[in-house]
Number of protein chains: 2
Amino acid sequence: MTTAAGRPSPGQVTIADVARHAGVAASTVSYVLSGKRAISAVTRDRVLASVRLLGYHPNAGARALASRRANVIALVLPLRAGMQVPVVMQFATAVVTTARAHDHDVLLVTSDEGPAGLRRIAASALVDGVLLMDVELHDPRVPLLRDLALPSVLIGFPADTAGLTCVDLDFHAAGGECVAHLAGLGHRRLALLGAPTAVYERGTGFAHRTRAGVREAADRHGVQVVTLPCGEGAVEVRRTLTELLDRHPDVSGLVVQNEAAVGPVLATLPALGRRVPDDVSVVAICPEEFAGHSSPALTCVPVPAEEVGRQAVSLLMGKLRGETGPEVTLLAPRLTVRDSTAAVPVVGVSDDR
Amino acid sequence: MTTAAGRPSPGQVTIADVARHAGVAASTVSYVLSGKRAISAVTRDRVLASVRLLGYHPNAGARALASRRANVIALVLPLRAGMQVPVVMQFATAVVTTARAHDHDVLLVTSDEGPAGLRRIAASALVDGVLLMDVELHDPRVPLLRDLALPSVLIGFPADTAGLTCVDLDFHAAGGECVAHLAGLGHRRLALLGAPTAVYERGTGFAHRTRAGVREAADRHGVQVVTLPCGEGAVEVRRTLTELLDRHPDVSGLVVQNEAAVGPVLATLPALGRRVPDDVSVVAICPEEFAGHSSPALTCVPVPAEEVGRQAVSLLMGKLRGETGPEVTLLAPRLTVRDSTAAVPVVGVSDDR
DNA sequence: GCCGGTTGTCGAAGCGCTTCGACAACCGTC
DNA sequence: GACGGTTGTCGAAGCGCTTCGACAACCGGC
């Protein structure tokens, strides 16, 4: 089989094939499929029958070229190995699923392509919009984004959100919730085991916001808190914990927001002679699954990666339709109490009255 | 600004703009960029200068339409939450990076779109080829793939690989290596802590191949081995381990191939009164990072996710060029000895001669 | 100095789709 | 029963690119 141009044509079914089969014009088929003009029921049914029979799927390139919309969004992920992997994964899943529900596909882009990648993607009209994860406080891509006129939604917050659309868990409030919970149980000395040092140094928003939230809540509740970064892996965690308990032996409440550290923390504390929750209460900010399957089951503020993903896509779709949504969407934290937190034991019941 | 058609045109720079700026025909620009015809050095330089100056990037849709190649490959991932997450991530990273090096982008597709998703993607010419992960022994997508004439590379092996291109770590040999190592240290009673039951039931290739490799090697080395599935999370692992040691108290060598179980296993064994490696030797099949950061550092066969990703993309690029590569590429396992394995203690030194 | 062969460039024809304007055919109205 | 207003369909004109064939211009060889 050859086309008029003499080039061999693959087995692809085109809109012309459908039109011929249904006995209508190609434009009519197009209108049936897009619903952009009224088509009589009888014609529509005939066309749809042909579409199904022939197994027609519009050619993506042609459609993008003619309509100036690719029906693809880009998802820019921090694929540096090791980074908060499960959350990223959950998030990606939600994004792909939601995007498909809106009849869009997802192009996977790594953060290390940086601003140049965004520029390329925008200029080539490969995608209609961008979802950006792992945004830093002073992210070099943010000013570019404002210039590019490429619809975008950020997961996380840069320092200045003016003119942007951002979604995320309210980490500030999440840190506060954790402190409030522990303070409510009577704990007066708390510690925040945060993200690895590198994450703070990169100026990653969520780490800074959590820490600020923890500190402010501690002030508010009149409890003391020491915050320290924490690497990943059992060895690192043990080192950090040992040092912490050495210097602050009276710490009885721990907030952990490094999901890779959660398991090791629970495993290490008993080894250091602190039972959970009898001696130390632990509350985590991490994916739900981690918390549920650990032992003891963890009191935690789940990171609602799925919800964030869905919202992000919905917001982006809105922007593609020309709507202007809210600049900032903060998801309220929701603390789930399980078995890793308990009231601070009353040492010597002295009602001194 | 409006086009001839009267529709508003965005700020996009087209090949015509470049041609005009450089004082040549559009086709000349195209040939400069593709290198498909000889162009004089002077013309080429002039064109390239214009390209750079104007910031020209070819419109992806137009290019795809005219050339019948999208310069995009699809990556079909098992995004069911929780599944061997870090490996998937490493793999995705390698794929994106390698694909970009070949001037291709990556479309992210979830496994749950299933065969229909493949059909859609193929028919719409969205992508030039497909990378399929998480292939099952009797995967419904495999026959479709053979029909579709869509170039593809599988990560993992279905039961019948005829006419396909498959890449993976040689899990059969990996299982064998682990057993050989333990047997070499004098361990006579081994256990394989495998993937969750559901993974075996789905007929996921790597789980079955590892188990087969372990069993055959055990026979070969004349040692006993019990193989059992293992869920994820501390609770599940504890249950499984307790039961195992109850029934087979003399097991002194453990092969673990469930990365989510590695941490809990190391944490649980001491709690059950078995020191690692003094009482029990543990060897894992898991990502390198897990093994290095655990305590004690794990003897392991690393899953070379990056290498597999690179190879997969290279093979796919070859197929897109019309080359026919090998049907099956098995990466040889490479056991790294660390601190979690030791010789079985000699109980009563009796040199009976 | 005429000829076959390169070499470098151009113009035109699509790729398969969307969208616009045109226009029959039909509607109820005054 | 001629008239404006819908409603449903069609044809044509691109979208921005690649690719093909054509063809000047130049080459050296005899």
Side-chain angles (χ1 to χ4, degrees), chain A residues 1-47 51 54 56-71 123-126 128, chain B residues 1-47 51 54 56-71 123-126 128:
Chain A
M1 197 206 286
T2 56
T3 65
R7 268 181 281 165
S9 112
Q12 228 216 23
V13 181
T14 74
I15 200 173
D17 298 328
V18 175
R20 203 172 310 122
H21 186 270
V24 298
S27 52
T28 301
V29 175
S30 179
Y31 285 124
V32 166
L33 261 23
S34 71
K36 291 192 178 169
R37 280 200 183 173
I39 297 288
S40 67
V42 53
T43 307
R44 180 174 50 244
D45 291 349
R46 200 144 37 89
V47 168
V51 164
L54 302 180
Y56 170 69
H57 287 267
N59 178 294
R63 187 211 276 270
L65 181 56
S67 70
R68 303 173 154 292
R69 298 190 303 99
N71 273 255
S124 65
L126 240 184
D128 305 320
Chain B
M1 198 207 287
T2 56
T3 65
R7 267 180 284 165
S9 112
Q12 228 216 26
V13 181
T14 74
I15 199 171
D17 298 328
V18 176
R20 203 172 310 121
H21 186 269
V24 299
S27 51
T28 302
V29 175
S30 179
Y31 285 124
V32 166
L33 260 22
S34 70
K36 291 192 178 170
R37 280 201 184 172
I39 297 288
S40 69
V42 53
T43 306
R44 179 173 51 245
D45 291 348
R46 199 145 35 90
V47 168
V51 164
L54 302 181
Y56 170 69
H57 287 267
N59 178 294
R63 190 212 274 272
L65 181 56
S67 70
R68 304 174 153 291
R69 297 189 303 100
N71 273 254
S124 65
L126 241 185
D128 305 322

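Numbered from 1 within each chain, the chains take letters A, B, ... in sequence-line order.
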| said: Between P on C:dC15 and CG on B:L126, what's the gap in Å once rounded to a whole number? | reply: 20 Å
| message | With a 3.5 Å cut-off and heavy atoms only, can you find an N or O donor on one side and an acceptor on the other between the side chain of B:Y31 and the base of D:dC17? | response | no
| request: Please tell me which of A:P58 and B:A26 maps to the more 5' nucleotide of DNA chain C, matching each residue to the nucleotide holding its nearest heavy atom. | output: B:A26
| note | Between A:Y31 and A:I39, the two heavy atoms sitting closest are CB-CD1, 4.0 Å
| B:A41 vs B:A62, nearer the 5' end of DNA chain C by closest nucleotide | B:A41
| query | Do any side-chain nitrogens or oxygens of A:K36 fall under 4.0 Å of OP1 or OP2 in C:dT18? | reply | no
| request: When you get a sec, tell me which of C:dG16, D:dG8, C:dT9 is the closest nucleotide to the side chain of A:T43? | output: D:dG8
| Which comes earlier along DNA chain D counting from the 5' end, the contact point of B:S34 or that of B:L65, where each point is its nearest nucleotide? | B:L65
| Residue pair A:S27 / A:S30, side-chain donor-acceptor N/O under 3.5 Å | no
| query | C:dC10, C:dC17, D:dT18: which one has an atom nearest the side-chain heavy atoms of B:A25? | reply | C:dC10
| Is there a side-chain polar atom (N or O) of B:T28 under 4.0 Å from OP1 or OP2 of C:dC10? | yes
| Distance below 4.0 Å between A:R68 side-chain N/O and D:dG16 OP1 or OP2 | yes
| Do the non-hydrogen side-chain atoms of A:V47 and A:V24 ever get within less than 4.5 Å of each other? | yes
| field | Spacing of B:Y56 atom OH and B:I15 atom CD1 [to the nearest 0.5 Å] | value | 4.0 Å
| message | For a quick check, tell me whether the side chain of B:R37 and the base of C:dT9 share a donor-acceptor pair closer than 3.5 Å. | response | yes
| request: Just report the end-to-end axis angle for the helix from C:dG1-D:dC30 to C:dC30-D:dG1, five pairs per end, to 10 degrees. | output: 40°
| Under the 3.5 Å rule, do the base of C:dG8 and the side chain of B:R46 count as making a donor-acceptor pair? | no
| query | Which heavy atom of A:T43 sits nearest a heavy atom of A:S40, and at what distance? | reply | OG1-OG, 2.8 Å
| said: Does B:S30 reach a base, just sugar-phosphate, or nothing at all? Heavy atoms under 4.0 Å. | reply: base
| query | Between A:S124 and B:Q12, what is the shortest heavy-atom contact and its length? | reply | C-NE2, 4.3 Å
| task | Please determine, for the side chain of A:A66, which listed nucleotide (D:dC15, C:dT9, D:dT19) has the closest atom? | result | D:dC15
| task | Please state whether the base of D:dG11 and the side chain of A:S27 form at least one donor-acceptor pair under 3.5 Å? | result | yes
| Which of these nucleotides, C:dG16, D:dG16, D:dT9, is closest to any side-chain atom of B:N59? | D:dG16
| request: Write down the atom of A:A70, the atom of A:A64, and the distance for their closest heavy-atom approach. | output: CA-CB, 3.9 Å
